[in-house]
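Computed from a prediction, not measured in an experiment: that's the story for all the values here. Chain letters run A, B, ... following the sequence lines, proteins first, then strands; residues in each count from 1.
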Amino acid sequence: MSGAQTKPFSRAWLLDPAPASRGQARLGQAYLGWLKLARNPLAVIGLAIVVALVAMAAAAPLLATHDPLAQSLQTRLLPPLSPGHWLGTDEFGRDIWSRLVYGARVTLYIVALVTVTAPVFGLLVGVVAGYFGGWVDTLLMRLTDIFLAFPRLILALAFVAALGPGIGNAVLAIALTAWPPYARVARAETLTVRGADYIAAVRLQGAGSGRILLSHVAPMCVPSVIVRVTLDMAGIILTAAGLGFLGLGAQPPLPEWGLMISSGRKFLFEQWWVATMPGLAIFIVSLGFNLLGDGLRDVLDPRSASK
Amino acid sequence: MAAGRMAGGAGAARDLLFRAAAVTGQLAATFLGLLAVTFVIGRVIPIDPVLAIVGERATEAQYEAAKEALGLNEGILTQFAIYVRDALSGDFGTSLLTANPVLEDVARVFPATLELATIATIIGVALGVPAGVVAATKPGGLTDQIVRLVGLMGYSMPVFWLGLMGLLVFYGQLGWVGGPGRLDTTYEFMFELDVTPVTGAILIDTALAGAWDIFLNALSHIVLPASVLGYYSMAYISRMTRSFMLEQLSQEYVATARVKGMPEWRVVWVHALGNVMVPLVTVIALSYATLLEGSVLTETVFAWPGLGLYITNALFSADMAAVMGGTIVVGAVFIFLNMTSDLLYRFFDPRARG
């Protein structure tokens, strides 16, 4: 039975040991990975949480029961399960549930911006260092080591202190402190493929360094970097929330979760829910990314397969 | 054979010396890098450092004089050289907020942070190491599941939120522990009167002075923040202990010991754990370094007058000299701990000297 006879996109077509096209082979690989991930219940829970976060951010206007910024002094500091405000209200009478829903957008915005900058930069640094070797490698890796030796939160604090508080600067500060591990990972992967025959073949065909690096070396490093990114997401969210809590990240009245905890701190003993609810949201989302990251690592990195 | 081993021993000693020199060089390079980064950060601030000193009503001549005094008319490399020289001689400038030299301020507040981080590490080691060992003896067992869960929660919970929740439950609701700060207000006055600060660590100072009622009050205040930080330390240490122990327990010497009839507790707690101690020391040093960092948020929550709170307070007063001085000190301690743990590891484990 050959690949041509099976129905495209069916299970048999995806699992065909002799794929007819490159696309079929790739989809088949992805399907196998998915099957492996789906066998791990914790990873599936993690994936569900992440999907729920994205859905919450996308459908925020539909899910929110109130305007997240609308103040109403008659209904301030209502406890959870009050009529119309099932998670209660904050000190300005704003609905906490609606603010959490819109806060998902802020969280995703920060995570997305950091993940499109830091890993890409780290990947480039690592690939260049690993491929060229010699003094380029020494110089770039020393630089990486210096950044790696810093306490991350303190460095981010110093950056934000210099640039001024705000969500953009917080993202910049987190990205500036987050790239070194990716450079390390990418360099290690590059070293393993640098001497491979296919690289030599491409070079003999006359490809320049730039082409070899971008289209033949860098793609090999992407899976390890992706795993690392997923595992780092929780850290990014926690750092962003920490900056928000200190008043250095997102600024009021933006419904950022860390900032919401910080404003709830003043009423901690009397109105506990104002600080508690956003913390739960951060906790659940970080847990989701951690579970998903652990699962992805097992799928994409056969060396660390669960023992 | 014996001669060969002797030569190998001398070679190893020389190798270790060489390694120590290399690490010292790396330490110096990393520290220089730290200074370079804080220097660059200091130059990009939108605040004019001259204006901050002379004020807005200064004349042109006063402004120029202050600029000259700060060395801002020199080339950028000369400025950096001056910056490094000052930092190495312990001159981080003067804090705008307290009007003291930054180094003096840091020396005053740092013991509080060290005390907190030390007690947290003690909690983390005392709970984390046994938990990790037990988890490794029965992978997939109940303890193993708990260690995994504790670790996952530690990696997912914001430390400042856990601190607030702790305050809410154990201070607000149950009243088991002291609130924010290092002492109750009444005890603060007693402390001023009765105790002469020797180490800056409140528990040691009060114990030395024999002021046990103040000691107990201080203890009730430090328990919660130290437990919160200790939780994160425990999560990390137990996870690492578990994986080190799993590796050791699969070694042949463990099987040999079991076959010879050695009691299981001795195999696990003496032989295997003994071999795990070396990498474990590294992990503990790293977790201690991380706690210094985690203290920024924890100290803010608990109004703990340490370096973290000092840096954040300075941040909000645009007191850049204090922020940068604090950053450099934390960074330097962090780098030092990292390198020390690396060196310790190489010292105790001959295989890592290659």
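More than 12 heavy atoms of other residues, nucleotides or ligands sit less than 6.0 Å from atom CZ of A:F267. The neighbour count for A:R105 CZ, taken as heavy atoms of other residues, nucleotides or ligands under 6.0 Å away, is above 12. Counting non-hydrogen atoms of neighbouring residues, nucleotides and ligands closer than 6.0 angstrom, the CZ atom of B:F336 reaches no more than 12 such neighbours.
With respect to chain B, the highest number of heavy-atom pairs below 4.5 Å among A:A234, A:G288, A:P165, A:A241 belongs to A:A241. For the set B:V159, B:V330, B:L168, the count of heavy-atom pairs under 4.5 angstrom toward chain A peaks at B:L168. When each of B:T38, B:L246, B:I311, B:L167 is scored by its heavy-atom pairs under 4.5 Å with chain A, the top score falls to B:L167. Chain A forms the most heavy-atom pairs under 4.5 Å with one residue out of B:L32, B:T312, B:V37, and that residue is B:V37. Ranked by heavy-atom pairs under 4.5 Å with chain B, the first of A:I282, A:I284, A:T276 is A:T276. Of the listed residues (B:P158, B:A36, B:G172), the one with the most heavy-atom contacts under 4.5 Å to chain A is B:P158.
Heavy atoms closer than 4.5 Å to chain B are found in the side chain of A:L42, but not in its backbone. For chain B, the nearby parts of A:L280 are the backbone and the side chain; heavy atoms of each come within less than 4.5 Å. In this structure, the portions of B:T327 lying under 4.5 Å from any heavy atom of chain A include both its backbone and its side chain. For B:L162, no part lies near chain A; criterion is any non-hydrogen pair under 4.5 Å. Of the atoms belonging to B:M324, it is side-chain heavy atoms, and not backbone ones, that fall under 4.5 Å from chain A. Of the atoms belonging to A:F289, not a single heavy atom falls under 4.5 Å from chain B. With a 4.5 Å cut-off on non-hydrogen atoms, B:F316 touches chain A through its side chain but not through its backbone. For B:M165, the part lying under 4.5 angstrom from a heavy atom of chain A is the side chain only.
Taking every heavy atom of both residues into account, A:S286 and B:S156 meet most closely at CB-O, 3.4 Å. Nearest heavy-atom pair, A:R265 versus B:V301, reported as atom, atom and distance to 0.1 Å: NH2-O, 3.6 Å.
In terms of modelled atom types and a separation under 3.5 Å, the side chain of A:N290 and the main chain of B:Y155 share a donor-acceptor contact.
B:Y171 and A:F269 have perpendicular rings, their planes meeting at more than 60° on a 0 to 90° scale where under 30° would count as parallel.
Taking the side chain as every heavy atom from C-beta outward, B:L164 and A:F245 approach each other to under 4.5 Å. With a 4.5 Å cut-off on side-chain heavy atoms, A:L157 and B:V296 count as touching. The closest side-chain heavy-atom distance from A:L153 to B:L297 is below 4.5 Å.
Atom-to-atom distance recorded for B:L307:CG and A:I154:CD1 is 7.0 Å, nearest 0.5 angstrom.
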Criterion side chain to side chain contact (heavy atoms under 4.5 Å, CB included) on A:D145 and B:T30, from CA distance to verdict: CA-CA 8 Å; A:D145 281 345; B:T30 314; 5.8 Å; no
